[in-house]
Amino acid sequence: MVKKVWIVFGSFAVLIALAAYGVHWAFFDIQRVPEGEYLTESVSPDGRYTVRAYKTNGGATVAYSIRGELVFNTEDSKTKNIYWNYKEDIAVINWIDDDTVDINGHLLDVPEEKFDFRNE
């Protein structure tokens, strides 16, 4: 009897975990945001990274958003979304040093950090 309870409990826990991952993947994964229209880009002082900014249009009832994409210049141009902010239509990108970038007033230590307005 105890073994059956653990099997049911374990199966339920796995289903809950899969559902939670599915919701995160579908609605909160910054790598799944719309591509958008290219605005500008800026290369880091040491040339290792490039940040490209794109303006996305969510439709008639949704404001513009800015997506920031980090390009690894030394690793076959691998990319990663690092910035996603709602109700913006311009992007101002300034490098503070080789690994710190300021995108519209948000400081990010690349490549580890990212900004996503949905998680603030």
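Nothing here was measured: the structure is a model prediction, and the numbers come from that model.
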[Y] and [X], any side-chain heavy atoms less than 4.5 Å apart:
| X | Y | result |
| --- | --- | --- |
| Lys55 | Ile66 | yes |
| Ser44 | Asp98 | no |
| Glu69 | Asn81 | yes |
| Ile93 | Val101 | yes |

- Query: Counting only N and O atoms by type, is there a donor-acceptor contact under 3.5 Å from the side chain of Asp89 to the main-chain atoms of Tyr64?
  - Reply: no

- When you measure from the side chain of Asn104 to the backbone N and O of Val92, does any donor-acceptor pair fall under 3.5 Å? yes

Can you tell me how far apart [atom1] ([X]) and [atom2] ([Y]) are? Round to the nearest 0.5 Å.
| X | Y | atom1 | atom2 | result |
| --- | --- | --- | --- | --- |
| Glu37 | Asn57 | CD | CG | 9.0 Å |
| Asp99 | Arg48 | CG | CZ | 4.5 Å |
| Glu113 | Leu107 | CD | CG | 8.5 Å |
| Asn94 | Thr100 | CG | OG1 | 12.5 Å |
| Arg52 | Leu70 | CZ | CG | 10.0 Å |

- Message: Check the orientation of Phe72 and Tyr49. Use parallel for under 30°, tilted for 30 to 60°, and perpendicular for over 60°.
- Response: perpendicular

- Do the rings of His106 and Tyr83 sit parallel, tilted or perpendicular, given the 30° and 60° boundaries? tilted

- Of the non-hydrogen atoms in Ala63 and Lys87, which two are nearest, and what is the gap between them? CB-CG, 3.8 Å

- Note on the structure: When every non-hydrogen atom of Gly47 is compared with those of Asn73, the smallest separation belongs to O-ND2, 3.0 Å

So if you build clusters from Ile, Leu, Val, Met, Phe, Trp, Tyr with side-chain heavy-atom gaps below 4.5 Å, do [X] and [Y] land together?
| X | Y | value |
| --- | --- | --- |
| Val43 | Ile82 | no |
| Leu108 | Ile90 | no |
| Val71 | Trp95 | no |

